[in-house]
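The shown structure was predicted, so the numbers you read here are calculated from the model rather than taken from an experiment. When a residue number appears, it is its place in the shown sequence, counting from 1.
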Amino acid sequence: MSRQIVSIVGGKEAASATAYESTNPARTGEVVARVGLADAEVFAAACRTAKEAQREWAKVPAPVRGRVIASIGRLVEANAERLARLVTEEIGKPYAEALGEVREIVDTCDFFLGEGRRLYGQTVPSEMPDKNLFTFRNPVGVAAVITAGNFPVAVPSWYLVPALLCGNAVVWKPAEYAAASAHAMYRLFTASGLPDGVLNIVFADGAETFEGLERALDEGNVQKVGFTGSSEVGRKIGELTGRHLQSACLELGGKNPMVVMPDADLDLAVEGALFAGFGTAGQRCTSLGTVIVHESVHDEFVERFARAVGAARIGDPMGDVLAGPLLDQKFADRYEEFLTWIQPHHKVVSGNVGRISKDNPHGDFDGDQGLYYHPVIVDGVRPADRIFLEETFGPIVGVTTFQTLDEAVELANLPGYGLSSSIYTTNPKNAFGFREGVSAGMVSVNNSTSGAEAHLPFGGNGKSGNGSRQSGMWVLDQFTRWQALNWDHSGRLQKAQMDVAEIVPDLDFRLA
């Protein structure tokens with residue numbers, strides 16, 4: 001029996017306008033949840049509710065809010081296996097990865113529970129006597145958070161936990177195809193004692209969400225927008241918030257490069273490329289896009305990489321597999337289009353292409369009625385190819401060659417994304433030269449392009465984002481605003497830059 005899910009605003013179920021079925025991509029005939037989708041007015045109303053609740057939540061001392069975050073972490077930890085199984089059931093993520101994703105929530109809570117006692121401001125010396133200067137972090141107000149479903153619980157926690165800790169209220173719009181996972185996470189958060197209206201969850205499609213967000217911004221009920229999704233939609237969100245003199249926190253797509261130098265440990269590089277390119281069926285924003293391999297080791301690397309892909313297990317995500325199915329039918333349809341970008345000058349070195357089936361199996365696996373696709377390595381990719389320049393969300397990795405490190409850096413930056421990157425080398429000069437030249441917000445040395453940790457800044461540049469960062473202490477700048485206070489207790493008006501004591505030096509002095 002599938003779950004029945006609707007939006008919750010101010011602690012109460014909200015009206016639905018249409019219905020949506022979230023299905024199991026490993027067995028597409030299995031309905032995981034029937035979801036009531038709200039309209040734009042419900043989203044706008046949720047923001048009004050959040051605005052009212054935020055006033056009281058901001059009055060709760062930050063250390064107390066930190067204890068609420070601690071409770072969320074303990075609740076998630078106690079329910080980790082159930083939540084991970086639900087993630088696997090709903091989006092087809094291998095169970096081991098789903099457990100890791102749930103662990104990310106716990107890690108995020110563990111980090112931020114202490115920030116409740118460390119929302120530090122500064123005491124700043126004044127240029128005038130009998131005057132003190134201070135800075136304070138204030139909550140922004142209401143945060144509208146819109147997240148994708150490939151990481152249905154970990155990535156939302158990067159927004160929700162710091163936003164709530166800092167004294168904001170949140171309206172969260174998760175992906176429809178991951179609604180059951182999001183609803184379960186919402187219930188864990190609210191079980192921590194969050195007051196009604198401080199966290200609201202709204203299920204809606206993209207068009208209704210955008211219209212509702214526009215209304216809420218026009219009404220002055222949203223002060224921060226967090227968005228994880230495609231670069232195309234991110235531009236629209238950025239334009240909308242820009243009209244209201246706001247800067248959204250945008251975490252967008254990637255075309256993440258991996259450079260393999262002549263001195264690289266090729267077995268290690270292949271292991272990293274396999275996980276980064278085809279783990280989660282290539283559906284991470286940090287998934288490997290193109291391997292940029294030095295021409296002197298190209299043939300050996302490609303041969304090893306192809307062999308590793310051929311041996312990799314694809315199948316039931318509850319088993320010991322590298323990858324399960326694609327997330328949802330719409331992603332499968334889009335991936336089919338990406339496969340048409342393979343051109344005659346390319347060489348597919350990984351074997352079969354397309355959907356796994358009885359007529360097109362991957363080893364002894366025949367697809368088992370799920371949205372399973374062959375992992376694909378495309379060699380001979382050129383800088384002008386679409387497959388080199390554009391994000392290909394799914395299990396496909398391109399390979400190209402270079403001669404010098406400068407050329408490799410140029411190729412890495414050419415697509416215009418800037419999320420994650422990687423270099424395999426044993427020479428520190430190569431590692432630091434790549435770090436200095438690459439445009440990505442994240443760089444790995446002898447590690448894959450995937451694998452963020454909860455206490456490091458996560459985010460990208462260019463087509464991958466607007467420079468905003470999530471995770472660690474850096475995300476606090478997304479959910480707080482600095483306020484400066486000057487307190488003059490001199491009993492007279494002291495004018496900055498005017499009534500300043502001057503000590504006159506003798507600049508003509510010279511030693512004899």
Side-chain angles (χ1 to χ4, degrees), residues 5-14 16 20 22 33 35-40 42-51 53-54 57 68-69 72 76 83 87 90 101 104-105 108-109 112 139-192 194-206 208-210 212-213 216-217 221-229 233 237 241 248-251 470 475 478-479:
I5 293 172
V6 296
S7 304
I8 303 176
V9 175
K12 299 177 181 178
E13 294 186 351
S16 302
Y20 176 90
S22 173
V35 188
L37 299 183
D39 59 16
V42 169
F43 188 95
C47 295
R48 295 183 206 117
T49 298
K51 182 179 181 180
Q54 190 270 333
W57 179 240
V68 173
I69 298 304
I72 293 172
V76 171
L83 184 57
V87 168
E90 189 166 39
E101 178 172 347
E104 184 90 8
I105 309 172
T108 299
C109 290
F112 281 104
V140 296
V142 173
V145 174
I146 303 165
T147 56
N150 57 337
F151 282 83
V153 293
V155 169
S157 75
W158 296 352
Y159 293 103
L160 304 186
V161 170
L164 294 169
L165 174 82
C166 290
N168 304 286
V170 178
V171 176
W172 175 30
K173 205 297 284 188
E176 306 94 293
Y177 63 88
S181 303
H183 186 263
M185 179 170 164
Y186 167 84
R187 290 168 59 203
L188 291 172
F189 270 56
T190 55
S192 69
L194 285 173
D196 289 344
V198 170
L199 176 61
N200 308 275
I201 188 167
V202 176
F203 300 105
D205 65 22
E208 293 294 332
T209 300
F210 192 87
L213 178 60
L217 285 164
N221 293 329
V222 168
Q223 288 70 47
K224 189 70 182 183
V225 178
F227 173 76
T228 296
V233 176
I237 296 288
T241 55
C249 182
L250 301 176
E251 196 273 287
Q470 299 168 307
V475 75
Q478 297 298 317
F479 295 110

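Contact of the Glu176 side chain with the Phe203 side chain is not registered, since no non-hydrogen atoms from C-beta on lie closer than 4.5 Å. No side-chain heavy atom of Ile201 sits less than 4.5 Å from a side-chain heavy atom of Ser7. Contact check for Thr228 versus Trp158: no side-chain heavy atoms found under the 4.5 Å cut-off. Using a 4.5 Å heavy-atom cutoff, the side chains of Val171 and Val202 are in contact. The shortest distance between side-chain heavy atoms of Thr147 and Lys173 does not fall below 4.5 Å.
Judged purely by distance below 3.5 Å, without hydrogens or angles, the side chains of Glu104 and Ser157 never pair a donor atom with an acceptor atom.
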Pair Val142-Val170, side-chain contact (heavy atoms from CB on, under 4.5 Å): steps then yes or no: CA-CA 6 Å; Val142 173; Val170 178; over 6 Å; no

Verdict with supporting geometry, Val225 and Leu213, side-chain contact (heavy atoms from CB on, under 4.5 Å): CA-CA 9 Å; Val225 178; Leu213 178 60; 3.9 Å; yes

side-chain contact (heavy atoms from CB on, under 4.5 Å) between Leu83 and Ile105, intermediate numbers included: CA-CA 11 Å; Leu83 184 57; Ile105 309 172; 4.2 Å; yes

Trace of the side-chain contact (heavy atoms from CB on, under 4.5 Å) decision for Phe227 with Glu251: CA-CA 6 Å; Phe227 173 76; Glu251 196 273 287; over 6 Å; no

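Here the side chain of Glu208 pairs a donor or acceptor atom with the backbone of Ala40 at under 3.5 angstrom. The backbone N or O of Val153 lies less than 3.5 Å from a partner atom in the side chain of Glu101, making a donor-acceptor pair. A distance-only check finds a donor-acceptor pair linking the side chain of Asn200 to the backbone of Gly10 [under 3.5 Å]. Between the side chain of Glu90 and the main chain of Ala180, a donor-acceptor pair closer than 3.5 Å is present. Without hydrogens or angle criteria, Asn168 side chain to Ala143 main chain gives no donor-acceptor distance under 3.5 Å.
Distance check: Ile237 CD1 to Cys249 SG gives 12.0 Å after rounding to the nearest 0.5 Å. The CH2 atom of Trp57 sits 5.0 Å away from the CG atom of Leu194 when rounded to the nearest 0.5 Å. To the nearest 0.5 Å, atoms OG1 (Thr108) and CG (Leu165) are separated by 12.0 Å. If you take CD on Gln478 and OH on Tyr159, they are separated by 8.5 Å, rounding to the nearest 0.5 Å. Rounding to the nearest 0.5 angstrom, the gap separating the OG atom in Ser192 from the CD1 atom in Ile72 is 4.0 Å. The structure places CD1 of Ile146 at 9.0 Å from CZ of Phe210, a figure rounded to the nearest 0.5 Å.
Heavy atoms only, all atoms of each residue included: Val42 and Ala14 are closest at CG1-CB, 3.9 Å. The two residues Asn221 and Lys51 have their closest heavy-atom pair at OD1-CD, 3.0 Å. Val222 and Leu217 make their closest contact through O-CD2, 3.6 Å (heavy atoms, listed as atom of the first residue, atom of the second, distance). When all heavy atoms are compared, the tightest approach of Pro152 to Ser181 is CB-CB, 4.1 Å. Annotation for Ile5 and Ala33: closest pair CD1-CB, 3.8 Å, computed over non-hydrogen atoms.
Applying the ring pair (Phe, Tyr, Trp, His ring centres under 6.0 Å) test to every pair with at least one member in residues 162-184, sequence neighbours left out, gives these pairs: Tyr177-Phe331.
A side chain to side chain contact (heavy atoms under 4.5 Å, CB included) with Met185 is found for exactly one of Val76, Leu160, Val87, namely Leu160.
Ser16 is linked by a side chain to side chain contact (heavy atoms under 4.5 Å, CB included) to Val6, counting only residues two or more places apart in sequence or in another chain.
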